[in-house]
Number of protein chains: 2
Amino acid sequence: MQLKNHVEWALHCCSVLASLPDGERIPAKLLAELHGIPREYLSKALQALSTAEIVSGTLGPNGGYRLARAPSEISFLDIVEAVEGKGCTFVCTEIRDNMPCAEKPPSKGKKRRPCAVARVMYDADEAWRSHLRSVTLADLAKTVEKEVPLRVLKGNAKWLAANLDR
Amino acid sequence: MQLKNHVEWALHCCSVLASLPDGERIPAKLLAELHGIPREYLSKALQALSTAEIVSGTLGPNGGYRLARAPSEISFLDIVEAVEGKGCTFVCTEIRDNMPCAEKPPSKGKKRRPCAVARVMYDADEAWRSHLRSVTLADLAKTVEKEVPLRVLKGNAKWLAANLDR
DNA sequence: TGTATTACGGATAAATAATATCCGTAAAAG
DNA sequence: CTTTTACGGATATTATTTATCCGTAATACA
Ligand code: SF4
Ligand code: SF4
């Protein structure tokens with residue numbers, strides 16, 4: 001069981017977008033080049049982010065992507081769920097119903113409380129999500145600023161600026 | 001991203017085994033029948049549990065599976081990891097190395113500290129595992145005992161006893 | 001000793017999901 | 001009107017999951 005690579009890409013793209021001067025946009029082509037990943041495929045991830053209203057895409061020349069709201073208002077969970085979906089990692093197929101002396105599933109509309117096994121798995125899933133929910137892009141930016149040598153940060157910013165130049 | 005159905009099966013089988021009188025064993029065939037799942041395929045999950053030394057299998061007539069240690073010594077995490085592996089759900093492909101002004105990856109042996117993005121994902125993964133680690137089969141049994149009607153519990157136990165009869 | 005039972009593990013097939021590319025459409029800028 | 005760019009449908013490729021099959025070895029029992 002593995003998250004798809006879209007998650008990694010989306011997180012990195014958002015991280016880059018978070019450090020973008022106000023008003024600027026980065027086209028998918030540049031984001032792909034920056035990370036050395038296939039442009040067309042990355043597009044799918046960006047579109048998912050766009051649908052989830054985490055980034056906003058603009059058409060035409062000088063178009064591209066920017067964050068749809070402040071970095072402090074975008075959590076890791078927002079990004080992960082945008083590309084992976086909100087479904088729980090544990091799916092219960094109600095195999096308990098096959099037990100020889102099972103409780104009958106409720107005939108109509110009524111829902112049963114999920115069983116003890118499923119609840120543990122759901123709680124674990126929620127613990128995962130809860131942690132992701134607690135970290136925002138603003139937090140990430142702060143950490144990166146602290147950890148990555150200034151030379152590297154400036155170098156990348158310069159490259160971006162040069163390539164956005166038009 | 002979804003856990004494989006082996007996880008659900010393994011958890012249910014362990015739950016059944018936990019309620020088994022001391023000394024008894026259940027063959028894979030019965031466990032499969034009990035849950036209405038394909039016997040040969042379930043075998044794979046049971047073999048994984050066996051390899052992880054969570055259950056112990058015995059060959060020959062009257063053979064079958066039993067737990068390899070006390071229910072209180074088997075956590076959900078043990079079971080999940082036995083069939084899903086211990087690898088983190090987030091895999092980092094070091095795409096930061098493709099940035100135009102990246103830090104050079106350390107030339108030899110030395111390992112870099114994982115980056116900020118990866119660390120958040122790893123921490124979330126650990127939160128998930130940590131919750132699974134905190135619940136044992138003994139805890140599960142207690143909950144089930146409280147929640148499932150006695151009639152159902154006894155009915156299933158009776159069915160098992162009858163089918164183990166030889 | 002022989003036969004039935006059962007776990008074990010390799011090989012393989014089928015179905016599903018992840019990964020990747022292609023291309024047509026529409027919007028915006030100049 | 002032309003270029004740039006996101007958007008989204010269609011499709012191909014590859015990996016993983018799901019499932020079955022069968023040969024081997026160990027054990028119980030007659
Ligand atoms: S996990 Fe619970 S709800 Fe899901 S199949 Fe098992 S018993 Fe049913
Ligand atoms: S998550 Fe971190 S370690 Fe992984 S590719 Fe991105 S920057 Fe590198």
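Chain identifiers are assigned alphabetically (A, B, ...) following the order of the sequence lines, protein sequences preceding nucleic acid strands; residue numbering begins at 1 within each chain.
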>> Can you list everything that forms a ring pair (Phe, Tyr, Trp, His ring centres under 6.0 Å) with Y41(B)? Sequence neighbours excluded, please.
In response: H6(B), W9(B)
>> Run the salt bridge (Lys or Arg N to Asp or Glu O under 4.0 Å) test against R151(A) and tell me which residues pass, sequence neighbours left out.
In response: none
> OH of Y65(A) versus P of dT4(D): gap in Å, rounded?
Replying inline: 18 Å
>> My understanding is that only residues two or more places apart in sequence, or in another chain, count here; which of them pass side chain to side chain donor-acceptor pair (under 3.5 Å) with E53(A)?
In response: none
> Of all residues at least two apart in sequence or in a different chain, which pass the salt bridge (Lys or Arg N to Asp or Glu O under 4.0 Å) check with E81(A)?
Replying inline: K86(A), R129(A)
>> Applying side chain to side chain contact (heavy atoms under 4.5 Å, CB included), can you list everything that pairs with T51(B), at least two apart in sequence or on another chain?
In response: none
> Contacts to DNA chain D from residues 77-90 of chain B, heavy-atom cutoff under 4.0 Å, which residues?
Replying inline: none
> Atom CG of N5(A) and atom P of dT21(C): how far apart are they, to the nearest Å?
Replying inline: 11 Å
>> Applying side-chain hydrogen bond (donor to acceptor under 3.5 Å, both in side chains) as the test, list every pair that has at least one member in residues 92-102 of chain A; sequence neighbours left out.
In response: T93(A)-E8(B), E94(A)-R96(A), E94(A)-R112(A), D97(A)-R112(A)
> Can you name the residues that form a side chain to side chain contact (heavy atoms under 4.5 Å, CB included) with R66(A), not counting sequence neighbours?
Replying inline: R25(A), S56(A)
>> Could you tell me how far apart K4(B) (NZ) and dT16(D) (C1') are, to the nearest whole angstrom?
In response: 8 Å
>> Assuming nearest nucleotide by heavy-atom distance, tell me which of M1(B) and L46(B) is located more 5' along DNA chain C.
In response: L46(B)
>> Can you measure I95(A) atom CD1 to dT18(D) atom P for me and round it to whole angstrom units?
In response: 13 Å
> Over how many whole Å does the gap from L3(A) atom CG to dA17(C) atom P extend?
Replying inline: 16 Å
>> Taking the basic N atoms (NZ, or NE/NH1/NH2) and the acidic carboxylate oxygens, is any pair closer than 4.0 Å for K29(B) and E40(B)?
In response: no
> Listed by chain and number, what are the salt bridge (Lys or Arg N to Asp or Glu O under 4.0 Å) partners of K146(A), not counting sequence neighbours?
Replying inline: none
>> Among residues at least two apart in sequence or on other chains, which ones pass salt bridge (Lys or Arg N to Asp or Glu O under 4.0 Å) with D123(B)?
In response: none
> What integer distance in Å separates R39(B):CZ from dT18(D):C1'?
Replying inline: 17 Å
>> Nearest whole Å is fine: how far is dT18(D) P from H35(B) NE2?
In response: 17 Å
> Hey, can you pull the residues of residues 47-56 of chain A with a non-hydrogen atom under 4.0 angstrom from DNA chain D?
Replying inline: Q47(A), S50(A)
>> How many whole angstroms separate atom OH of Y41(A) from atom P of dA15(D)?
In response: 13 Å
>> How would you summarise protein contacts on nucleotides 22-30 of chain C per nucleotide, using B for base, S for sugar-phosphate only and - for none, with heavy-atom distances below 4.0 Å?
In response: BB--BBBB-
>> Any carboxylate oxygen within less than 4.0 angstrom of a Lys/Arg side-chain nitrogen, looking at R69(A) and D78(A)?
In response: yes
